[in-house]
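So you know, we letter chains A, B, ... as the sequences are listed, proteins then strands, and number each from 1.
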Amino acid sequence: MQDLLIYNTLSNKKEVFKPLKEGYVGMYVCGPTVYSNVHLGNVRTFMSFDMIYRYFLHVGYKVRYVRNITDAGHLTDDNSEDKISTKARLEQLEPMEIVQKYTIDFHEILKKFNNLPPSIEPTATGHIIEQIEAIETILKNGLAYEINGSVYFDVLKYNETENYGILSKRKIEEAIENTRVLDGQSDKKNPQDFALWKKAEPEHIQRWDSPWGVGFPGWHMECTVMSTKYLGKEFDIHGGGMDLKFPHHECEIAQAQACNHVAPVKYWMHTNMLTMNGRKMSKSTGNNILPDEIFTGDNKHISKAYTAGVARFFMMQAHYRSILDFSDTAIAAAEKGYVRMMDAVELMDKLEFSAKSSIDVNKWKQKCYDAMNDDFNTPILIAHLFDAVKWINLINDGKETLTEIDLDTFRTTVNDFVFHVLGLENISENNVDSDKLSGVVEILIKLRKEARDNKDWVLSDQIRDELITLGIQLKDGKEGTTFSVN
RNA sequence: GGCGUCAUGGCCGAGUGGCUAGGCUGGGCUCUGCAAAAGCUCCCACAGCGGUUCGAAUCCGCUUGACGCCUCCA
């Protein structure tokens, strides 16, 4: 297997990926808090890791991909209540009804974007016992303290022997100086300390018994517990959005270290933000666009509807570690390129082989793998795939040739990268009525050919123009006329 | 205020110390009844100011600007 470079945010360098166990990959990605609809920015992160998951599978790794559902414990701004409970009260539903509603939404959206489901999708509420056990271990190890029914992680104590800030590159001493002291209501010894367990006030709906009384777990605990349970005390990759680096992932490291006395993760991977109007998409600020609004075009930021495939292609054209700015012109440009690529891929099936090859297929194929092996560089991969698009058209025109073996390699490689690695789908396959439609269009093409043979340009152009208003484009070539549906 | 990231041609977006990313748009040509599609081709950018180097968009420093995190967020 060729070397695969991964940018590790722990070292801020590209490193050669060496799995803990040869041939196996353990990957944990922080999933959503299911208290509202996922927006396009959330989708980008999961889509990036879907691509990474797909590539590992493609090159032959056995992957256990764990992605959690946060259905409890995620605290609101004022730290008084968790998000699920707040939403439950607002919508007058059971917390688990909120969880169910938005979990289903999450799954449906990701499916539309052709994301593969993870191997395991554990929930925070399903691991309360494990979380309590882990908190007891941390208490026993002297790195947490209980006050008034809540348990907090003792960051300063931890920092005496370990490095709190190893991931986010913060220095705890400076952080203390720069932390605003809000008021005296907190039980924490130090503002940097974070909750492992929170006491539930009487009005709090989600609550569980614990050695410290009735309460609920802190946000960071679930990921530590579930990653350990399903991937081990040490595992290969932990991913998530850039904005989770601090405090969430920093806390995860501290918790795992406090429990198991070992650094939990070999490679930390962080995906960058999707912006709109130059600002991060965010649920709280309202600067976001929902997937369904993309599909219907019903959002002031876009001029028309776009398919999930186009949106996926748009995101794959940028590197996962770069900020990507969403705009109507950007996604419209991506759509054109996407359609051109898909048309070529479809045309590829009809190509015929020759006695000689005029293209070095194996060299090109290697370039595709080199791109992906360099920290999953999908923009470079797509650039190479557009070389393939060009060749497909040229072979079709008889200006380039491939032998039977080369053509076979070529087809397999294109299909592998376009469909299996990038996870794109061919739009025409989604068209249920495509058989009937193409039958009708073929009739019109035949009628138009008769008109053209009779030099009846008025009729032939009328057929062509009226079809184009329906989004059906005729393409006259040497071998006759074909069409595409937009 | 602290920490961090980034500044690329009309737009979107890759990138290595010297050799054309790619997509979209626009111009020209081929093909075509005319178009479209497809192909070929042109428009050779790298925030500013210094420095290192035979040579830097790519390394270093400073300036300016943008964004992210520090408080819930993928």
My understanding is that only residues two or more places apart in sequence, or in another chain, count here; which of them pass side chain to side chain donor-acceptor pair (under 3.5 Å) with A:Glu121? A:Arg67, A:His107
Enclosure of A:Lys304 NZ (heavy-atom neighbours >12, cutoff 6.0 Å): yes
Close approaches to RNA chain B from residues 450-459 of chain A, in residue order (heavy atom, under 4.0 Å): A:Arg452, A:Trp457
Which listed nucleotide (B:C24, B:C70, B:A74) is nearest to the side chain of A:Ala333? B:C24
In 5'-to-3' order, the base (B), backbone-only (S) or no-contact (-) status of each nucleotide in nucleotides 38-43 of chain B, using a 4.0 angstrom heavy-atom cut-off, is SSS---
Under 4.0 angstrom, heavy atoms only, what part of the nucleic acid is A:Met341 near: base, sugar-phosphate, or nothing? nothing
Hey, does A:Leu274 reach any base, or is it just sugar-phosphate, or nothing, if we go heavy atoms under 4.0 Å? base
Below the 4.0 Å mark, does [N] have OP1 or OP2 next to a side-chain nitrogen or oxygen of [X]?
X	N	result
A:Lys171	B:G2	no
A:Ser322	B:A14	yes
A:Lys367	B:A21	no
A:Arg170	B:C70	no

Would you tabulate the pairs of protein nitrogen or oxygen atoms and nucleotide nitrogen or oxygen atoms of nucleotides 18-20 of chain B closer than 3.5 angstrom?
none

State whether the distance check finds a donor on one side and an acceptor on the other, under 3.5 Å, for side chain A:Asp461 versus base B:G33. yes
So for A:Asn272 and B:A74, does any side-chain atom that can act as donor or acceptor lie under 3.5 Å from a complementary atom in the base? no
List RNA chain B stems (3 or more consecutive Watson-Crick/G-U pairs, under 3.5 Å)? B:1-7 with B:64-70, B:10-12 with B:22-24, B:26-30 with B:38-42, B:47-51 with B:59-63
Return all side-chain donor-acceptor pairs below 3.5 angstrom for residues 440-450 of chain A, not counting sequence neighbours, or 'none' if the list is empty.
{"residue": "A:Arg448", "atom": "NE", "partner": "A:Ser460", "partner atom": "O", "Å": "3.2"}
{"residue": "A:Arg448", "atom": "NH1", "partner": "A:Asp476", "partner atom": "OD1", "Å": "3.3"}
{"residue": "A:Arg448", "atom": "NH2", "partner": "A:Asp476", "partner atom": "OD2", "Å": "3.1"}
{"residue": "A:Lys449", "atom": "NZ", "partner": "A:Asp453", "partner atom": "OD2", "Å": "3.1"}

